[in-house]
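Index from 1, following the sequence. Keep in mind the model is a prediction, meaning the values are calculated, not measured. Counting convention: from 1, in listed order, for ligands and their atoms alike.
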Amino acid sequence: MGNICVIGPRASGKTTYLAALAYWENHQIQKKKGKSFHVQPLNDESRNLAEKAEDIILQGLSVEPTVIGDAIQTVDDLDYYSFKIEAKQGLLNLRQTIQLNARDYPGEVFEKIAEPNLSDSIHEEFVNECLMKDVVGCLILLTGWEPGTDRFYKRVMNRFIELMDNRDRLKDLRLAVAMSKCERGELWPGRIDPENDLFGVHLPKTKATLREKIPPKNLRFYAISTFGVLRRTDPRPNRIDDQGKSGRASVIRDGNRWRPYNEIEPLYWLSRG
Ligand SMILES: Nc1nc2c(ncn2[C@@H]2O[C@H](COP(=O)(O)OP(=O)(O)O)[C@@H](O)[C@H]2O)c(=O)[nH]1
Ligand SMILES: [Mg+2]
């Protein structure tokens, strides 16, 4: 049982990630040596997301970003997803179940963490909700590594850590910090040791800030790709860039070979430690 919040800047892949989770049972289940996962959507919102997932991920009808405005005034207007995740492990088929409740926050609120006055009510609500005692951890999806990004992420993380401290969560909130879309060619080899080869290389200031202030047992670095690569022996990204849209839009290249990378491991760690 755990509430987890999924946060990250705009277009870091949060909604796609949750959609893939909701859709899990419909595509080939990720099988690792001796370990398999099952995911069951538990509420209407997660079931709806599973239905939309096919359009979102396979047909490339990218979801619209969530924007704070008329339809979204408070955090309660945001989608709230609930899943049951079961892991079977080892020869004895030991089963462990976690329940995950996740809110899909708009990227805007993450980006505004670093702004000094959280005057906007939804931002304050977001921070309050995210740092409530019954939240066991946060999955933080980061995606950029172009110049300047490290400094920006570092600022946001610094401020987030201050807010954790103010709410007495510095010692008991787990943070899974992930580089999303890690099938990108330059990043893929770094997935094996993301802390050193992704964060240490591309986001060193962000990594250092987190390492300095978060207790080691509550901090892990991950590489995640909702799209994945074509095959184990064919590391080309299972992705095409969507020319119609500006910026970072992409869609799956071959739906039959769709195998997300490392989607569930961080959630599992966040809820179990
Ligand atoms: N290359 C790549 N693109 C992805 C991945 N996951 C999502 N995207 C794309 O990133 C863009 C933003 O995704 P979205 O889920 O809307 O991001 P959000 O704003 O954080 O919710 C979309 O074009 C997605 O298709 C991934 O694993 N790899
Ligand atoms: Mg979104």
Can a donor-acceptor pair be found between the side chains of Y261 and N238 at a distance below 3.5 Å? no
Distance only, no hydrogens: is a donor on one side chain within 3.5 Å (strictly under) of an acceptor on the other, for K207 and N196? yes
Which ligand 1 atoms does S225 reach within 4.0 Å, using its non-hydrogen atoms? 27 (O)
Ligand 1 to T16, heavy atom cutoff 4.0 Å, flagged ligand atoms 6 (N), 7 (C), 13 (O), 14 (P), 15 (O), 24 (C)
Who gets closest to atom 20 (O) of ligand 1 by heavy atom: K14, R253, K181, E263? K14
Out of E108, E183, R10, whose heavy atom is nearest to atom 28 (N) of ligand 1? E183
Any atom of ligand 1 sitting under 4.0 Å from a heavy atom of [X]?
X: S12; answer: yes
X: S180; answer: no
X: A11; answer: yes

Flag the pair W24 / I264 as yes when at least one side-chain heavy-atom distance between them is below 4.5 Å, and no otherwise. yes
Is there side-chain contact between C182 and W188, with heavy atoms separated by less than 4.5 Å? yes
Tell me the contacting part of R239 for ligand 1: side chain, backbone, both, or neither, using a 4.0 Å heavy-atom threshold, strictly below. side chain
Taking the six-membered ring for Trp, are W145 and H202 parallel (under 30°), tilted (30 to 60°) or perpendicular (over 60°)? tilted
Residues in side-chain hydrogen bond (donor to acceptor under 3.5 Å, both in side chains) with E111, at least two apart? R10
For residues L42 and Y17: do they belong to one hydrophobic cluster (side chain heavy atoms under 4.5 Å, members Ile, Leu, Val, Met, Phe, Trp, Tyr)? no
Is it the case that ligand 1 has an N or O less than 3.5 angstrom from some N or O of [X]?
X: R184; answer: no
X: D104; answer: no
X: Y17; answer: no

Using a distance threshold of 2.8 Å, state whether an N, O or S atom of T16 lies below it from the Mg ion (ligand 2). no
Single hit among N101, N43, D44 for side chain to side chain donor-acceptor pair (under 3.5 Å) with S82: N101
